[in-house]
Amino acid sequence: MKKTLKIVGLIILLFLVFSLGFILFNQIDFTKRNIIQVCDWQVINESGCGNSLFLFDEYTQTGFTPITFWDPSEHKVCHGEQFSLVINFEAKVKCDYVFIFSNGFGEILIGSGKNSTKAISYNLFYGWNKLSLGFSSDYLFLKSLSNVKLGALVIEGTYLSKPVEKRYQATYPTFNEFIGINALVDDPLGAMDVANHIREYHETVWHQMGENNFNFSPSFSGFEFEPFYKNFSLAGRSITPVIQHSGKWVTGLDNGEAIPCPKDGITTNPSDYTSHAKLLHEIVKNYKLKNTPIRFIENWNEPDKSWHGKEAYVSPYEYASFSSMDYDGHLDPTLSSIQNGDSTTTLVMAGLTDLRTDYVNALSFWCNNNRRGSFPWGVVNAHVYANDPLIKSGITPEKFNLQQKVSSFVRASKTTAPKTQVWLSEFGYDRRDDSPQHVPNIDGYNAEEVQALLLIRSFLLLSSTGLDKAYQYMLRDTKGKGTYASSGLYKTENNKNVYLPSWYFLKTLKDVMGDYKFTKRINTNNEDLYILEFVNNQRVAYAVWLGTDVKSNISTKLPLNFINKQNLVTYAFSNLGPSQKTSLDYTKDLEFNISDKPILILDTLIEERIAKKLDINSILVTNDNAVLLDENTSIDPLYQPTKGMVSLHELKTTDIILKEPKFISHLSLFDDQGQSEVLIEGVYEGVTKLIFEGKTSLYKKWKSLKVGMTVDKIIITHKTNTSKLGEIVFYTY
């Protein structure tokens, strides 16, 4: 019995000694050691599994226990893999020690250089591990041989050469350049007036149904992409097809999300992606020959997704391999590729599921070693949704720290690839209560209104991050009840399009702030008060709101600095139509009512910039076809299609004559047939210019076409006897 007690006592003593040692060791003061700082653009996650930046987000503290962990096997697709990192010091560094916090027992390799050839095995215990290194190198290599989670990695050493200086200066686009939406080819063009940039989901099988079986006009789906792209080009907009899914004739698999590599191919070998490269080659070549060139093309969607099985997860080196072949035949100009099909087309990186800087770094690292440093993508691209996984709900962009997270991603991406643009090609909110991205409940608002105000707050915050473009997901509600199915700006009920508050909110932002770009945020003593300043040449504008997750408002004076001080205008976001404005006298001591719904304050009237319907009393129509203009006084047809369509089967030409010349910004026409082939021309002082030519191809939908010219007459020529147009609306400034 005494012997047993002695053993128990010894165990307790050893436990206390171990615990004391653990506690003391965890009080390491890293501020008194020569720590090599690791920036987020220096971490190369070779497998792409887990967020390896969590190793470096906390270690500036003293004696800390990490909260965030690099967990490479958090998704099943990564189970059984061995995970490696490369840290590029961008200088010669003498590495003395490395401190690693482990959540358990495991084995790792650490060494100098870019790979494991000079690596040594170390055993890890729970807590902090101090490992002796004693080598000098430009790189540190780390490989995990088990599923152990690592919370922090701190490197002690000295610089033997001066680190490469990385300079990054954020630039900010105008809202016209910045605002984008995700959409489909059969969305009404009028609905797309909320943005100048469209990211268009595009299925492989729409153009290809076998190894060498291609179809474009029409596509296998029946969609007419040629007039769709041509209309966008005429309207001065950009459209980015997202080529997604793979054909079974390539992979031999039923999983359409599988990486587009033959079943017996090597997924890191660029030459095993010739079939996919040929598809992109044929797409861009076809539309170039049809004078509808594609400016941007995205060759995959969410390569790092984990929910479609192991065969659908694409590691950085795999994605780099097939993108290298897609872009320029892996540096071979004789092979089918995007560059060979249309050298003016920019390859957009497939949108990642999150702000994965370490994934982007791995792409660049692969290119440095396999493409002589040539980075094939002209755009770095990611998705992010402001939510809280613990409560399975969307949260406000302010609570999510959206501005800070995206700014860090932009800075790291443009440091890694300085010549690229950076896009956020998906973000948004779902209105369904059973979605993990559903809008938070805010008393006093319904789900549609919360979606609208959080989207606008997100766009305003994102405009201050240095992003080149941000695309809301998505233009319309999709079919079904899945996650994000109710994220649209409009929905269809009883065969009619119902436009939601979010559509009107975004249209207001674009109309009012289109030519403005971000300059700075003005800080105040109220951390919930957001004041963003924007400029347009010599004009100044401010967006102001409370970034709260409850309905709130305050009355306060604002530290605004206007140039033109005699006429202030505030624009509020309305649920059912264009924004309301109120003129203010800046010379008075003004207090503003600020709420969780942003207001826009400008130092000049911009009513002339918001397109208005052309008064039908100023228009004459030939051939007794006034019915084309008889409902202009009704609800705007872009929001609610009109009735009383008229067939034009026997009509060949209609002249619409203006009583006096007018600048027409755009026009909208209602297509009641879906097969109408028309030619629309503008005439001014006898000179005729093309506005649109082709099929409207939008059965019972409105099409919006940019005019952008002064005209005294518009000529509509019907090229088929099936044309059936019901109404035409002209807009002017």
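Here the side chain of N115 pairs a donor or acceptor atom with the backbone of T117 at under 3.5 angstrom. Although no hydrogens or angles enter the test, the distance criterion places no donor-acceptor pair under 3.5 Å between the side chain of R237 and the main chain of I198. Remark: the backbone N or O of V379 is not paired with any side-chain donor or acceptor of T420 at under 3.5 angstrom. The closest donor-acceptor contact from the side chain of Y317 to the backbone of A362 lies at 3.5 Å or more, if one exists at all. Between the side chain of S102 and the backbone N or O of G127 there is no donor-acceptor pair closer than 3.5 Å. Counting only distance, with no hydrogens or angles, the side chain of N370 and the backbone of W366 share a donor-acceptor pair below 3.5 Å. Checked by atom type and distance alone, the side chain of T357 never pairs as donor or acceptor with a backbone atom of F409 at under 3.5 Å. Remark: the backbone N or O of D304 is not paired with any side-chain donor or acceptor of E302 at under 3.5 angstrom. Remark: the backbone N or O of F365 is not paired with any side-chain donor or acceptor of N361 at under 3.5 angstrom. Looking only at distances, a side-chain donor or acceptor of N45 sits under 3.5 Å from a matching main-chain atom of G50.
Between the side chains of E107 and S121, a donor-acceptor pair is found at a separation under 3.5 Å. Side-chain contact annotation: Q42 with N88, donor-acceptor N/O pair under 3.5 Å absent. Side-chain contact, D328 with S337: no donor N or O sits under 3.5 Å from an acceptor N or O. Residues N381 and S425 have side chains that bring a donor and an acceptor to within less than 3.5 angstrom of each other. For the 3.5 Å distance criterion, the side chains of N182 and Y201 qualify, holding a donor opposite an acceptor. Between the side chains of N301 and R199, a donor-acceptor pair is found at a separation under 3.5 Å. S238 and H197 are linked by a side-chain donor-acceptor pair at a separation below 3.5 angstrom, with hydrogens and angles left out of the test. Judged by distance alone, the side chains of T68 and E58 do bring a donor and an acceptor atom under 3.5 Å apart. No side-chain donor-acceptor contact under 3.5 Å links N34 and E156.
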For salt bridge (Lys or Arg N to Asp or Glu O under 4.0 Å), just list the numbers for K149 and E74, CA-CA rounded to whole Å, side-chain angles, deciding distance to a tenth of an Å, and then say yes or no.
CA-CA 10 Å; K149 300 176 186 178; E74 61 180 334; over 6 Å; no

What's the verdict on ring-ring contact (aromatic ring centres under 6.0 Å, His included) for W128 and F101, showing C-alpha distance, side-chain angles and the deciding distance?
CA-CA 4 Å; W128 281 104; F101 191 98; 5.5 Å; yes

Can you list the steps and then say if E200 with T240 is a side chain to side chain donor-acceptor pair (under 3.5 Å)?
CA-CA 6 Å; E200 176 240 331; T240 301; over 6 Å; no

V406/L462 under side-chain contact (heavy atoms from CB on, under 4.5 Å): CA gap, chis, key distance, verdict:
CA-CA 7 Å; V406 174; L462 291 171; 3.8 Å; yes

Passes side-chain contact (heavy atoms from CB on, under 4.5 Å), T251 versus I259? Steps please.
CA-CA 8 Å; T251 65; I259 187 171; over 6 Å; no

Could you walk me through whether L131 and Y97 pass the side-chain contact (heavy atoms from CB on, under 4.5 Å) check?
CA-CA 6 Å; L131 310 177; Y97 301 98; over 6 Å; no

List the steps, then state whether side-chain contact (heavy atoms from CB on, under 4.5 Å) holds for Y327 with Q339.
CA-CA 6 Å; Y327 179 65; Q339 284 291 286; 3.5 Å; yes

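Inter-residue side-chain proximity for I283 and I243 is flagged as met; some heavy-atom pair is nearer than 4.5 Å. Considering only heavy atoms from C-beta on, E46 stays 4.5 Å or farther from F83 through its side chain. Counting heavy atoms from C-beta on, the side chains of H330 and D332 never come closer than 4.5 Å. Within the 4.5 Å cutoff, the side chain of T416 has no heavy atoms near those of the S413 side chain. Side-chain contact between I44 and D358 is absent, with no heavy-atom pair separated by less than 4.5 Å. Residues L184 and M474 meet the side-chain proximity criterion, which asks for heavy atoms closer than 4.5 Å. Side-chain contact between L352 and P303: present, with at least one pair of heavy atoms (C-beta onward) separated by less than 4.5 Å. Looking at heavy atoms from C-beta onward, M349 lies in side-chain contact with Y319 at the 4.5 angstrom threshold.
We find that E257 and K305 are joined by a salt bridge, their nearest charged nitrogen and carboxylate oxygen being less than 4.0 Å apart. For K278 and E211, the salt-bridge test fails: no basic side-chain N is under 4.0 Å from an acidic carboxylate O. By the 4.0 Å N-to-carboxylate-O rule, K414 lies close enough to D468 to be salt-bridged with it. Salt bridge absent: K285 and D342 never bring a charged side-chain N and a carboxylate O closer than 4.0 Å.
Between F216 and F223, a ring centre-to-centre spacing not shorter than 6.0 Å is recorded. The distance between the ring centers of Y139 and F89 does not fall below 6.0 angstrom. Taking the six-membered ring for Trp and the full ring otherwise, the centers of W70 and F54 sit at least 6.0 Å from each other. For F322 and H276, the distance between ring centers is under 6.0 angstrom.
Contact record, Q403 with S407: O-OG, 2.8 Å, taken as the closest heavy-atom pair. Pairing each heavy atom of D138 with each of K92, the nearest pair is OD1-N, 3.3 Å. In terms of heavy atoms, A386 sits closest to Y429 at CB-OH, 3.6 Å. Smallest separation of non-hydrogen atoms from F141 and V86: CD1-CG2, 4.0 Å. In terms of heavy-atom proximity, G351 sits nearest to H383 at CA-NE2, 3.6 Å. The heavy-atom pair separating V77 from K310 by the smallest distance is O-NZ, 2.6 Å.
None of Y385, Y484, F459 except one satisfies the ring pair (Phe, Tyr, Trp, His ring centres under 6.0 Å) rule with F427; the exception is F459.
Note that the OG atom of S144 and the CG atom of L142 stand 7.5 Å from one another [nearest 0.5 Å]. A distance of 11.0 Å separates OG1 in T344 from CD1 in I338, rounded to the nearest 0.5 Å. W249 contributes atom CH2, which lies 8.5 Å from atom CG of N213 (distance to the nearest 0.5 angstrom). Atom CG of residue L335 and atom CG of residue D326 lie 12.0 Å apart, to the nearest 0.5 angstrom. If you take OH on Y122 and CD1 on I100, they are separated by 9.0 Å, rounding to the nearest 0.5 Å. In this structure, CG on L363 lies 7.5 Å from OG on S323, to the nearest 0.5 angstrom.
Aromatic ring orientation, W423 versus Y471: tilted (interplanar angle from 30° to 60°). Using the six-membered ring where Trp is involved, Y229 and F225 have ring planes that are tilted, between 30° and 60° apart.
Environment of CD1 in I391: crowded, with over 12 heavy atoms of neighbouring residues, nucleotides or ligands closer than 6.0 Å.
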